[in-house]
Protein chains: 2
Amino acid sequence: MFFLKSGRLRMQRVTPDGGTVSLHIVRPGETCAEPSLFSSRYHCDMLAETDAEVWLFPKKELVDSLRGNPESLWDFAGGLARGLQGMRQRYELKQIRSAPERVLQLLRLRCDDSGAYRTSGSLKDMAAELGLTHEALYRAMAALERSRRIRRSADLLQILPTKPE
Amino acid sequence: MFFLKSGRLRMQRVTPDGGTVSLHIVRPGETCAEPSLFSSRYHCDMLAETDAEVWLFPKKELVDSLRGNPESLWDFAGGLARGLQGMRQRYELKQIRSAPERVLQLLRLRCDDSGAYRTSGSLKDMAAELGLTHEALYRAMAALERSRRIRRSADLLQILPTKPE
DNA sequence: TTCTTCATGTGACTGCAATCATAAATCCCG
DNA sequence: CGGGATTTATGATTGCAGTCACATGAAGAA
C-alpha cells in the first residue's frame, strides 16, 4: 500500500489486445492499493505521469497497526467507502454513450455550488478520465459551447442553466 | 445499510436524459450501501427484480456496533475493499470497446481454473452487467463461437485456448 | 390444448465515436 | 530569440454497437 505525497500517478492495466485501460488517476493526498491488504495478489500497473513522491507501507506492519487501532481502522474504512462511491460515479459516467452528455455529467459531479469547474491538468487528461479520445472531447466541448450549455474561459468551465421552454 | 437474504436487487441511477444506469446487481449474501455509513446522503435507486428478503440495519446502531468491535470492523473493511476491486474490474471491462473482447474479458475474470463459466441468470442479465444490449451480446457470442474462441453448451461457457501461430 | 409472456436469436439500417490526417497555437528549453 | 514537443483543435472516413423489426422456442397459465 502507498500514499501519494506529490505528483500524479496513473493506475492502469493492459488489455489482452494491447490497449491500456486507465483505472484511476491518483492525486496527492490519496492512498492506494487498499484491496491488496485483504487479498494476497493484486495486479495492475502504476505509472508515474510526473515526478512523484510516494510513501510505501509494508503490508504486514500496516495491517498490524490498523488491527491494533480501531480509530484509524474506522478512518481507513471510510476511505475505502469513499473510493467505492467515486468508482461507482465513474462507472455511471461510462454508461452514458453520448460524448457531450458524458462531459456534462462529469461537470455536474465535479463542479462547485456555483456550477463552475476549474480544469486540473490538460484536456487530454480529462479525456482519458472520461474514457474518450481527445478529439471526441474537443468536439463535445465545442458542441456544448455552440448550443450554450456550457461556457469556457481559460481553464474554467461553467454549466449554463438550461433555458425553460 | 442492508443485507440481502434472498432475491435479486438492481442498484441503479437515472441519468439526466432519462436513461437508467445499472450500477450493481446485488445477490444473496451481499451487503450494500456501505458508503452511506460515512456520508450523510446517498443517492441511488434500489430495484427488486424478484421477490426479495432484505435485512435493514439502522445506521446508528450499526456504526456503534462496528466501532465497538474491531474484528467485525476489519471484516467490514475487507468487504469494502473487495467491492472496490470488483467495481474496478467492471470499470475496466467498460473500457473495452469491442463487444466480443468485452465478453471474453468477463469470462476471463469469472471463469474457474479450467476456463469454464456457468452462467447465472439469463443472457439478458449478463448483457446488462456487461453494459451491452442483448442483441449485441448474442452476436458477440455467436462470433466468438464461430471463430472458435469459446464453446457453449447449455449454460456452460468455456474459453478455448488461442492457437499458437 | 391454446394463449401469453419472455428469452433467444438474426437481419437491416443508422448514428456516433474512433481513427487518420493535418494544422494552428502554446509551452518549454537552450 | 528560435525550434522541437505538446496541446488544442477540425475535417474526412470508417467500424461497430445501438436500434428497430421480426421469427422461433420454451415456460406457465387458463
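Note that the coordinates shown come from a computational prediction; the quantities given were computed from them, not determined experimentally. First the proteins, then the strands, lettered A, B, ... as listed; each starts at 1.
- When atom types are taken as modelled, the side chain of A:K59 and the backbone of A:S36 share a donor-acceptor pair closer than 3.5 angstrom.
- The nearest whole Å value for the distance from the CD atom in A:Q95 to the C1' atom in D:dA17 is 14 Å.
- Here A:R97 reaches the OP1 or OP2 of D:dG18: one of its side-chain N or O atoms lies under 4.0 Å away.
- In this structure, B:I96 places its CD1 atom 12 Å from P of D:dA17, rounding to the nearest Å.
- Distance OH (B:Y138) to P (D:dA17): 17 Å, rounded to an integer number of Å.
- Rounded to whole Å, atom C1' of D:dT8 lies 14 Å from atom CG of A:D155.
- Listed here is the closest heavy atom pair of A:L4 and A:A52: CD1-CB, 4.1 Å.
- Distances shorter than 4.0 Å separate none of the side-chain N or O atoms of A:T133 from OP1 or OP2 on C:dA17.
- The distance between atom CG of A:L132 and atom P of C:dT19, rounded to the nearest whole Å, is 12 Å.
- A residue-by-residue look at A:G121 and B:H134 shows that A:G121 has its nearest nucleotide of DNA chain D further toward the 5' end.
- Around atom CZ of B:R67, more than 12 heavy atoms belonging to other residues, nucleotides or ligands sit under 6.0 Å away.
- For B:R139 and D:dG18, a side-chain-to-base donor-acceptor distance below 3.5 Å is absent, hydrogens and geometry of angles not being considered.
- Judged by distance alone, the side chains of B:R108 and B:Q105 do bring a donor and an acceptor atom under 3.5 Å apart.
- Rounded to a whole Å, the CG atom of B:L137 is 10 Å from the P atom of D:dG18.
- Rounded to an integer number of Å, the gap from CE of A:M126 to C1' of D:dA9 is 15 Å.
- Both A:E135 and A:S98 sit near DNA chain C, but only A:S98 has its closest nucleotide nearer the 5' end.
- Going from atom CZ of B:R102 over to atom C1' of D:dA17 covers 9 Å, rounded to whole Å.
- At least one side-chain nitrogen or oxygen of B:R152 sits closer than 4.0 Å to the OP1 or OP2 atom of C:dG9.
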